4 protein chains.
Amino acid sequence: MSVNKVILIGNVGQDPEVRHLDKDVTVANFSLATSESYTAKNGEKVTTTEWHNIVVWRGLAKVVEQYVSKGDKLYIEGRIRTRSWDDKDGNKRYTTEIYADNLEMLTPRGQSTGGGQQMSEPKNQQAESVNEPDFSSSEEDDLPF
Amino acid sequence: MSVNKVILIGNVGQDPEVRHLDKDVTVANFSLATSESYTAKNGEKVTTTEWHNIVVWRGLAKVVEQYVSKGDKLYIEGRIRTRSWDDKDGNKRYTTEIYADNLEMLTPRGQSTGGGQQMSEPKNQQAESVNEPDFSSSEEDDLPF
Amino acid sequence: MSVNKVILIGNVGQDPEVRHLDKDVTVANFSLATSESYTAKNGEKVTTTEWHNIVVWRGLAKVVEQYVSKGDKLYIEGRIRTRSWDDKDGNKRYTTEIYADNLEMLTPRGQSTGGGQQMSEPKNQQAESVNEPDFSSSEEDDLPF
Amino acid sequence: MSVNKVILIGNVGQDPEVRHLDKDVTVANFSLATSESYTAKNGEKVTTTEWHNIVVWRGLAKVVEQYVSKGDKLYIEGRIRTRSWDDKDGNKRYTTEIYADNLEMLTPRGQSTGGGQQMSEPKNQQAESVNEPDFSSSEEDDLPF
DNA sequence: TTTT
DNA sequence: TTTT
């Protein structure tokens, strides 16, 4: 009875941070920039950039670990999730993230201009388009999110 | 070169708050709930609800003012925007909002069960589907956002 | 490296036609109407209706069989597929269909106004939102599509 | 009350065919390929390609005329439209097209590998992301579609 | 912090 | 704060 869907095409702000949790679960985090331009009253072109916090789990996170680096252009399909946490002063703070369910690499291999180690050829065609499979709820509710 | 698109179907959490700014500009704010369910390991069904802060400008805000009330189911198409502000302790805080560019009413008229005043018939068929027209940047950069 | 995604909200044109194939595979077909309105030069309001051929497989088809009937409003997420066939004169013909991967019921139960048999209460909450799981390719390539 | 939205990322099949109609109205047509891969039972990788007939009007068609050529990767947002026509034997035939409302160029300039004339630098930043403005219905209903 |  |  409801839909929560996000579609982004943008550039990766920095090499993804990848963590390997228990049970062979991988998580990757990175930010993705999208930008909009318009011409202001004075004729000047103004560009505003929006930064999105992307979170990727499991198999898709492994793809990110192997193939995504700073500067890459990505297509991301996912959903919005706002989580709360307590800051050092005990105030409730909110962070909005995009949980990626699908991801496509739009930067041709070997053209990454980012800061990370140089990308070799993709080991595997699958890497260019991977969907997050549905995971059983039995492991789902062990995870810290 | 980039895309920032959100598609939501959910329920309006409270009657929209509508403000009329200078130059005949209207803004409406409300929250929209989307929910996801899954069955946990113990067989219990778990539902998580996500609340989205929706912002609507100009002509579309007038439609919201006239036709949207608490409890209504809406389709919203828009983009993500995170703005920062300073809290009372001088800390930078962030709020993520969805700027609606298109909105469709999915609750048949006369069936709103929310807390607001009872809805009459729509005055105007247009109300059921209104797109935000493109506004010239000349007025755009007068606005406080 | 590519994306083929369709999002529709519209009304079901007739009770779905459901077939049960071998190996416990179910397929459902129905048409879905979306409409657009605009005001013509002469001030007359013109509405054009677009009919989409929807195809639903497996578990999602069983949901359709049980819960979808003529007149219902649905949200459908899927992809476009054009298949060719030969007509009686031996000419190649093309039919474009939407393969649904996700489907949400937007008509509250018990409010269906269509021509089919009256809908009872949903047997199961899951029915309101079901995703097509990924099926292994081993059965995939047995299917006639 | 309804939504008809298509999102495609794919490659342009041939240099667009551009026509200039009366009243300074431009139309561009081209096909766009999207593809899906899966591994068959025998372990072989199978790729299926879907060809979409894209139609672009007015300002966006001028952008296509200037900047889009065979082989380019594009993001397209639009809607599905099926039109009928009579073939030489008097049979009713149907063609499904995607009317593009928004288009983003995903191939960096100067990297087009297609068959058309070589692309020079974009004359204009706008070219990379142009939205179809809403046109008044008064001209709308003069058009042959 | 990205990209054009 | 919504809805089923």
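Not measured: the values here are computed from a predicted model. Proteins get letters first, then strands, A, B, ... in listed order; numbering begins at 1 in each. Values below: every heavy atom of this structure, side chains too, minus hydrogens, waters and symmetry copies.
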Atom [atom1] of [X] and atom [atom2] of [N]: how far apart are they, to the nearest Å?
{"X": "A:Asn53", "N": "E:dT1", "atom1": "CG", "atom2": "P", "result": "15 Å"}
{"X": "D:Leu106", "N": "E:dT3", "atom1": "CG", "atom2": "C1'", "result": "12 Å"}
{"X": "A:Lys73", "N": "E:dT2", "atom1": "NZ", "atom2": "P", "result": "14 Å"}
{"X": "A:Ile9", "N": "E:dT2", "atom1": "CD1", "atom2": "P", "result": "20 Å"}
{"X": "B:Ile76", "N": "F:dT2", "atom1": "CD1", "atom2": "C1'", "result": "12 Å"}
{"X": "D:Met105", "N": "E:dT3", "atom1": "CE", "atom2": "P", "result": "20 Å"}
{"X": "A:Asp72", "N": "E:dT3", "atom1": "CG", "atom2": "P", "result": "9 Å"}
{"X": "B:Asn11", "N": "F:dT1", "atom1": "CG", "atom2": "P", "result": "15 Å"}

Practice prompt. Under the side-chain hydrogen bond (donor to acceptor under 3.5 Å, both in side chains) rule, what do A:Trp51 and B:Thr82 come out as? Steps first, then yes or no, please.
Written response: CA-CA 8 Å; A:Trp51 286 99; B:Thr82 299; over 6 Å; no

Could you work out which one of [options] sits closest to the side chain of [X]?
{"X": "B:Met1", "options": "F:dT3, F:dT1, E:dT4", "answer": "E:dT4"}
{"X": "A:Ser31", "options": "F:dT1, F:dT2, E:dT1", "answer": "E:dT1"}
{"X": "A:Gln14", "options": "F:dT1, E:dT1, E:dT3", "answer": "E:dT1"}

Worksheet item: Has B:Trp51 got its ring stacked on F:dT2, by the test of a centre gap below 5.5 Å and a plane angle below 30°?
Response: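 B:Trp51 vs F:dT2: stacking no.
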
Fill in: For D:Lys73, all residues meeting side-chain hydrogen bond (donor to acceptor under 3.5 Å, both in side chains), sequence neighbours excluded
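Per chain and number, D:Lys73 pairs via side-chain hydrogen bond (donor to acceptor under 3.5 Å, both in side chains) with no residue.
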
Fill in: For B:Glu97, side-chain hydrogen bond (donor to acceptor under 3.5 Å, both in side chains) partners two or more places apart
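For B:Glu97, the residues satisfying side-chain hydrogen bond (donor to acceptor under 3.5 Å, both in side chains) (neighbours in sequence not counted) are B:Arg83.
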
Discussion item. Base of F:dT2, side chain of B:Thr49 - is there a donor-acceptor contact under 3.5 Å?
Written reply: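 In this structure, the two groups form a donor-acceptor pair.
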
Discussion item. When you measure from the side chain of A:Ser31 to the backbone of A:His52, do you find a donor-acceptor pair of N or O atoms at a distance under 3.5 Å?
Written reply: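 Not a single qualifying donor-acceptor pair exists.
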
